[in-house]
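Report on one structure; see the data block that follows.
Protein chains get the first letters and strands the later ones, always in sequence-line order, with residue 1 at the start of each.
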Protein chains: 2
Amino acid sequence: MQVFWSKGYDATSLDDLCDATGLSRSSLYAAFGDKRSLMLQSLSRYVDNGSEKIAKRLATKAPFRAALADFLNDFIDAIVAGPGRRGCFIGNCAAEIPRHDREAMAQVRAALARNEGYFRAALDAAKSRGELSRKADTAALARFIASSIQGLRLVGKANPDRALLEDIAAVMLRCLDE
Amino acid sequence: MQVFWSKGYDATSLDDLCDATGLSRSSLYAAFGDKRSLMLQSLSRYVDNGSEKIAKRLATKAPFRAALADFLNDFIDAIVAGPGRRGCFIGNCAAEIPRHDREAMAQVRAALARNEGYFRAALDAAKSRGELSRKADTAALARFIASSIQGLRLVGKANPDRALLEDIAAVMLRCLDE
DNA sequence: TGAGTTCTGGACTAATAAGTCTAGAATAGG
DNA sequence: CCTATTCTAGACTTATTAGTCCAGAACTCA
């Protein structure tokens with residue numbers, strides 16, 4: 001997963017994967033099938049890990065606005081200080097996956113939808129706590145947040161500049177107030 | 001440019017490029033240098049075309065809010081109905097380019113900055129026309145719009161669903177009202 | 001027209017890719 | 001301790017890759 005995330009699908013060779021896993025080719029094929037299949041399993045793992053984190057943090061913290069602010073801040077920290085320029089694995093997949101690979105595209109779509117779902121749930125909870133306007137369209141807001149995070153991480157990959165990313169996050173957060 | 005945009009860098013072979021240009025290998029190399037160089041020139045061309053379009057449309061139409069709405073609508077049309085699932089070439093590059101390729105990353109960064117600049121100019125003009133709150137931070141808004149468009153196009157690539165994208169665009173537009 | 005220059009098709013090279021296969025190591029069960 | 005099964009290292013195959021090169025076509029200009 002780390003290798004695919006860092007280098008992308010095409011640029012990752014089987015030798016890279018063998019090095020990273022410590023397995024030989026035959027064991028790798030026996031355990032995971034071919035390269036594409038391993039890629040999809042990696043993405044699946046990434047989504048499982050990441051989504052769980054999102055869900056936990058949004059569910060335990062309140063108010064939602066503060067939880068999201070926290071969340072975005074951590075993203076920015078990771079982008080600026082972390083093992084940089086990897087972007088979001090989901091986003092990288094969305095960009096690189098060949099158009100005709102429907103299964104892979106479906107998995108990316110599902111990953112995005114899953115995150116959107118967690119945001120939606122947190123927004124609904126916040127709305128029922130009275131944190132949001134009664135007219136707030138939580139579905140649309142969730143979609144917006146999921147999409148904007150992709151934008152944030154993509155921009156952050158190309159330009160990991162804290163001030164830039166904080167500007168983006170600040171405007172994002174303002175969208176919650178209607 | 002079309003081929004790189006559709007297939008990505010690694011998945012594009014020189015044979016693809018020869019087919020697309022109608023040139024033979026030697027002519028291709030004579031005209032554009034090696035593959036990477038041609039890729040960068042393609043990106044440059046994409047940005048020149050695209051940015052000009054952005055600038056023109058934002059400059060001639062007013063109010064800004066309507067111009068942006070129009071703009072987003074066209075994006076959505078293109079994503080939903082167009083020769084689908086190509087995403088934004090800039091975004092694709094940001095995702096696929098190897099991290100260590102500083103020159104390429106710088107070009108992507110410049111491309112994003114250029115778009116951001118056009119939004120900024122249009123926002124400033126709108127502000128001076130009194131369309132925006134006097135406190136509006138046009139720099140931050142421009143950064144946000146540039147980033148969100150990347151998000152929109154990425155999500156649209158994975159899931160070209162009009163309702164989804166219109167939700168995202170609607171929330172984006174609301175960020176202009178403070 | 002004709003010599004000189006530039007351009008171009010496509011064969012060629014060398015490297016690297018994914019995926020397969022076999023010989024032998026490790027493990028398990030009795 | 002010995003046989004039978006499973007697993008693994010790494011050589012191997014076949015295909016494809018980016019990039020080179022040269023013979024000959026096309027063009028230029030006197």
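Side-chain atoms of B/Leu176 and B/Glu131, non-hydrogen and from C-beta on, never get closer than 4.5 Å to each other.
Extent of DNA chain C lying under 4.0 Å from chain B heavy atoms, first and last nucleotide in 5' to 3' order, is C/dT8 to C/dA11. First and last contacting nucleotides of DNA chain D toward chain A (any atom under 4.0 angstrom from a heavy atom, 5' to 3' order): D/dT8 to D/dA11.
By the salt bridge (Lys or Arg N to Asp or Glu O under 4.0 Å) test, B/Arg162 pairs with B/Asp77, B/Glu166, sequence neighbours left out. Annotation: salt bridge (Lys or Arg N to Asp or Glu O under 4.0 Å) contacts of A/Asp161 (sequence neighbours excluded): none. The salt bridge (Lys or Arg N to Asp or Glu O under 4.0 Å) check on A/Lys7 picks up A/Asp16, with sequence neighbours excluded. Checked against salt bridge (Lys or Arg N to Asp or Glu O under 4.0 Å), A/Arg36 has the following partners two or more places apart in sequence or in another chain: A/Asp101, A/Glu103.
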Mind listing the side-chain donor-acceptor pairs of residues 148-155 of chain B below 3.5 Å, one per line with the distance, residues two or more places apart or on another chain?
{"from": "B/Ser148", "atom 1": "OG", "to": "B/Phe144", "atom 2": "O", "distance (Å)": "3.0"}
{"from": "B/Arg153", "atom 1": "NH1", "to": "B/Tyr46", "atom 2": "OH", "distance (Å)": "3.3"}
{"from": "B/Arg153", "atom 1": "NH2", "to": "B/Gly87", "atom 2": "O", "distance (Å)": "3.4"}

Sequence neighbours excluded and cut-off under 3.5 Å, please list the side-chain donor-acceptor pairs for residues 66-75 of chain A, or say none.
{"from": "A/Asp74", "atom 1": "OD2", "to": "A/Arg57", "atom 2": "NH1", "distance (Å)": "2.8"}
{"from": "A/Asp74", "atom 1": "OD2", "to": "A/Arg57", "atom 2": "NH2", "distance (Å)": "3.3"}

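Here the SG atom belonging to B/Cys18 is positioned 8.5 Å from the OH atom belonging to B/Tyr29, to the nearest 0.5 angstrom. Separation of atoms CE (A/Met172) and CG (A/Leu165) is listed at 11.5 Å; rounding is to 0.5 Å.
Applying the salt bridge (Lys or Arg N to Asp or Glu O under 4.0 Å) test to every pair with at least one member in residues 105-115 of chain A, sequence neighbours left out, gives these pairs: A/Asp48-A/Arg114.
Remark: side-chain polar atoms of B/Ser147 are not paired, donor with acceptor, to backbone N or O of B/Arg143 under 3.5 angstrom. Remark: the backbone N or O of B/Ala94 is paired with a side-chain donor or acceptor of A/Lys157 at under 3.5 angstrom. One N or O on the side chain of A/Arg174 and one on the backbone of B/Cys175 form a donor-acceptor pair closer than 3.5 Å. Without hydrogens or angle criteria, A/Glu96 side chain to A/Gly8 main chain gives no donor-acceptor distance under 3.5 Å.
In the helix from C/dT1-D/dA30 to C/dT16-D/dA15, the terminal helix axes, each the rotation mapping four pairs' C1' atoms onto the next four within five end pairs, subtend 10°, rounded to 10°.
Within residues 24-36 of chain A, the residues that place at least one heavy atom under 4.0 Å from DNA chain D are, in residue-number order, A/Ser24, A/Arg25, A/Ser26, A/Ser27. Taking a 4.0 Å limit (strictly below) on heavy-atom distances, residues 3-16 of chain A reaches DNA chain C at A/Thr12, A/Ser13, A/Leu14.
Annotation for A/Glu52: atom CD does not count as buried by contact number, only 12 or fewer foreign heavy atoms lying within 6.0 Å.
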